[in-house]
Amino acid sequence: MFRLCAKVNITKGIEFCARRSALRSFSLTTTSFTEVASLTPDAIGNDPLTLYGRKVPERKQYLMHGYTQLLDNPQLMVYQHNNFAVSEFRALQLAASKKGFKIRACRAGIMRAALKDSPFEAMSPLFGGPAFVFYNATQQEENVTSVANVKSMYDILSKQRKLLFLGAKIDTLLFSKESFLKLSKIGSLPQLQSQLLGALSSSGSRLTNLLDSESQVLVQLLKQHSETPQE
């Protein structure tokens with residue numbers, strides 16, 4: 001009986017040591033999101049280290065640097081995607097290119113790390129899973145701040161059942177789906193200028209007509225007064 005118990009205790013002890021060793025090995029060889037999140041854009045190119053003192057793989061440094069540059073683009077649209085085939089992705093690229101946009105598939109954890117120390121950290125919740133980022137590739141001055149340009153791209157992508165619009169960045173402003181749709185109804189800057197000019201012109205015309213009518217009334221009153229016999 002004693003021998004049997006001793007054998008069981010020894011076996012459990014060996015299993016416990018093996019499990020402890022495996023967990024230790026896993027923690028030392030795995031780079032978690034917390035480790036990646038400790039990176040900053042300034043650290044790229046300076047051999048950044050994880051929280052465990054290990055050098056971050058060059059592939060992740062490369063992605064981090066690319067995502068940081070991507071955030072500087074004046075027009076970004078974030079979409080959640082679902083199992084795109086290669087042929088579907090190429091068709092999507094072609095449709096985007098016709099509007100002057102390109103697509104980049106982003107790894108959520110590394111993108112959140114890139115956003116952590118940027119002015120656009122509020123975008124982090126948009127990257128909770130597989131995401132495509134559509135960005136303006138033309139960099140033409142007339143398109144840089146055009147809401148209409150992004151809206152036209154949105155209209156095309158809204159027909160894709162495997163895409164879910166999450167939000168957008170235009171210049172330094174961030175938009176949820178709801179706020180972006182409200183903004184898109186306002187119209188472009190030239191349209192707003194035209195509407196304002198029309199409103200000012202019509203107001204000026206009404207004011208001129210009002211002054212003319214009042215002056216005519218005043219003239220008639222003075223005329224009647226001059227023609228009235230004085231005692």
Take K98 and L94, measure what side chain to side chain contact (heavy atoms under 4.5 Å, CB included) needs, and give me the verdict at the end. CA-CA 7 Å; K98 292 180 179 179; L94 180 61; 4.2 Å; yes

Item to check | side chain to side chain contact (heavy atoms under 4.5 Å, CB included) between L157 and F132, intermediate numbers included | outcome: CA-CA 12 Å; L157 297 177; F132 286 152; over 6 Å; no

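Distance check: Y135 OH to Q69 CD gives 10.5 Å after rounding to the nearest 0.5 Å. Annotation: the span from I170 atom CD1 to L183 atom CG amounts to 6.0 Å, rounded to 0.5 Å. Note: L70 CG to L63 CG = 11.5 Å, rounded to the nearest 0.5 Å. Note that the CZ atom of R90 and the CZ atom of F84 stand 14.5 Å from one another [nearest 0.5 Å]. The structure places CG of D171 at 10.5 Å from CG of L76, a figure rounded to the nearest 0.5 Å. Separating the NE2 atom in H81 from the CZ atom in F89 is a distance of 8.5 Å, to the nearest 0.5 Å.
Here the closest heavy-atom approach between residue G167 and residue L126 is recorded as CA-CD1, 4.1 Å.
The salt bridge (charged side-chain N to carboxylate O under 4.0 Å, His left out) contacts involving residues 67-87 comprise nothing, where partners must be two or more places apart or lie in separate chains. Applying the side chain to side chain donor-acceptor pair (under 3.5 Å) definition to pairs two or more places apart or across chains, those involving residues 153-169 are E88-K162, K151-D155.
F120 meets the ring-ring contact (aromatic ring centres under 6.0 Å, His included) test with no other residue; sequence neighbours excluded. Shown here are the ring-ring contact (aromatic ring centres under 6.0 Å, His included) partners of Y67, two or more places apart in sequence or in another chain: there are none. In terms of the side-chain hydrogen bond (donor to acceptor under 3.5 Å, both in side chains) criterion, residue partners of S179 (sequence neighbours excluded) are, by chain and number, S176.
Contact annotation: the side chain of F127 approaches that of V78 to within less than 4.5 Å [non-hydrogen atoms, C-beta and beyond]. For the pair L163/L92, a side-chain contact is recorded, criterion being any heavy-atom separation below 4.5 Å from C-beta on.
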Let me check something: any side-chain donor-acceptor pairs from residues 100-109 under 3.5 Å, sequence neighbours excluded? List them with distances.
none

